[in-house]
Amino acid sequence: MRRPLVAGNWKMNGDTESTISLVKGITDGRAEVTNAEVLICPPYILIPRAADALNGRDDISLGAQDLDINQNGAFTGQISASMLVDAGCKYVIVGHSERRAIYGESDQDVADKFKVAQQGGLTPVLCVGETLEERESGETEAVVARQIQAVIDVVGINQLDDAVIAYEPVWAIGTGKTATPEMAQEVHRFIRAMLAALNGDIAEKLRILYGGSMNAGNAESLISMTDIDGGLIGGASLQAESFLAICMAAN
Ligand code: PEP
């Protein structure tokens, strides 16, 4: 049985005050979420603020939104896996579509980040998903398979044992357009079948999250699908009430 995971990707939002208040809101409602795992991914500089606000609580995990492939040294502006672990992170998002599209990260870059994240003691949340153009030309499965295969080529299938995949159709991120539960399930099922062909145990255990305009109103219908094990939430993770409602839907 896969434990549901609800992850909040705060993106480049927030400050000290909003971080303290959002963490307080989430911790206040956390007790009702008895089963699902809860993860928040603030901007780098707010991770220590969030850790302070959590005040030693370990029922809400911390993660980052990206990392560098190097450990330390002359890489101005970058943050390494060991720094994230030092700041209290357990998870790190790799290959978010905004990183791929805006910052030009290739499948190979994402695979390298996946590898260094694990080597540094972090669990990667690997984001995959097709653009609208790719969906409309019937390439969804090919794109998702290519993005996952790039990681498997670098780390091997066994490393998927300690990872999370987030299927995030690019056209649904931040747009208010959500994949229907059936559309999302079809891709989640495809991902699990692809992995099952390589290792049935890992495929069965791996959590595959849906992301893309998930909110309090649509979370339950999405997460109730067989192969959807939670959500990666952008906009709706910035308010404790909507984020907790999604956590409850995953519970
Ligand atoms: C995301 O950026 O990972 C995301 C799913 O954003 P939103 O929920 O705002 O669509």
Side-chain angles (χ1 to χ4, degrees), residues 4-14 18 22 25-26 36-44 46-47 50 61-67 89 91-105 110 113-114 117 122-132 134-135 140 143-144 147-148 151 163-181 183-185 187-188 191 207-223 225 227-250:
L5 171 64
V6 179
N9 174 11
W10 295 6
K11 309 195 186 186
M12 196 172 71
N13 291 297
S18 67
L22 184 48
I26 298 169
E37 184 180 352
V38 178
L39 166 66
I40 53 174
C41 302
Y44 290 136
L46 296 175
I47 292 170
S61 302
L62 273 175
Q65 301 169 18
D66 188 30
L67 82 170
C89 290
Y91 290 89
V92 62
I93 298 170
V94 295
H96 189 280
S97 67
E98 286 153 15
R99 303 273 344 151
R100 293 179 191 261
I102 305 171
Y103 301 101
E105 289 188 9
V110 174
K113 288 186 172 190
F114 185 105
L122 294 160
T123 299
V125 179
L126 169 67
C127 298
V128 298
E130 81 288 1
T131 63
L132 186 58
E134 288 162 342
R135 172 161 283 266
T140 298
V143 168
V144 166
Q147 291 170 332
I148 295 173
V151 170
V164 174
I165 290 181
Y167 167 59
E168 300 205 299
V170 179
W171 48 271
I173 295 179
T175 59
K177 288 184 201 149
T178 318
T180 64
M183 279 161 86
Q185 164 60 23
V187 182
H188 283 234
I191 293 171
R207 292 181 291 184
I208 308 175
L209 313 183
Y210 169 80
S213 299
M214 191 185 270
N215 57 41
N218 60 27
E220 193 156 350
S221 59
L222 284 157
I223 298 173
M225 303 306 281
D227 290 297
I228 302 184
D229 306 310
L232 179 56
I233 323 298
S237 71
L238 296 173
Q239 302 293 333
E241 199 183 340
S242 48
F243 186 59
L244 283 167
I246 298 170
C247 295
M248 287 304 288

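Index from 1, following the sequence. First listed ligand is number 1; within each ligand, the first listed atom is number 1.
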- Within the distance-only criterion (no hydrogens, no angle test), does the side chain of Asn9 pair as donor or acceptor with the backbone N or O of Gly234 below 3.5 angstrom? no
- Between the OG atom in Ser237 and the CG atom in Leu244, the distance rounded to the nearest 0.5 Å is 11.0 Å
- Side-chain donor or acceptor of Glu220 paired with backbone N/O of Ala249 under 3.5 Å: no
- Identify, for atom 9 (O) of ligand 1, the protein heavy atom at the shortest distance, and state residue, atom and that distance. Gly235 N, 2.9 Å
- Query: Is there a donor-acceptor contact under 3.5 Å from the side chain of Tyr91 to the main chain of Val164?
  - Reply: no
- Query: Where's the contact between Asn9 and ligand 1, heavy-atom distance under 4.0 Å: side chain, backbone, both or neither?
  - Reply: side chain
- Message: What protein heavy atom lies closest to atom 1 (C) of ligand 1? Include the residue and the distance to one decimal.
- Response: His96 NE2, 3.2 Å
- Atom indices of ligand 1, in the order listed, that fall short of 4.0 Å to a heavy atom of Ala172: 10 (O)
- Distance (rounded to the nearest 0.5 Å) between Thr178 OG1 and Leu222 CG: 6.5 Å
- Under the 3.5 angstrom rule, does the side chain of Gln65 hit a backbone N or O of Tyr44 as a donor-acceptor pair? no
- Determine whether any heavy atom of Gly212 lies closer than 4.0 Å to an atom of ligand 1. yes
- Message: Tell me whether Glu130 contacts the main-chain N or O of Val144 through its side chain, where contact means a donor paired with an acceptor under 3.5 Å.
- Response: no
- Output yes when the distance from some N or O of ligand 1 to some N or O of Gly174 is under 3.5 Å, and no in every other case. yes
- Message: Side chain, backbone, both or neither: which applies to Ser237 and ligand 1 if a contact is any heavy-atom pair less than 4.0 Å apart?
- Response: neither
- Query: Should one rank Lys177, Glu168, Met214 by closest heavy-atom distance to atom 3 (O) of ligand 1, which comes out on top?
  - Reply: Glu168
- Tell me which one of Gly234, Ala7, Gly231, Gly211 gets a heavy atom nearest to atom 7 (P) of ligand 1. Gly234
- For atom 2 (O) of ligand 1, the closest protein heavy atom turns out to be Lys11 NZ, 2.5 Å
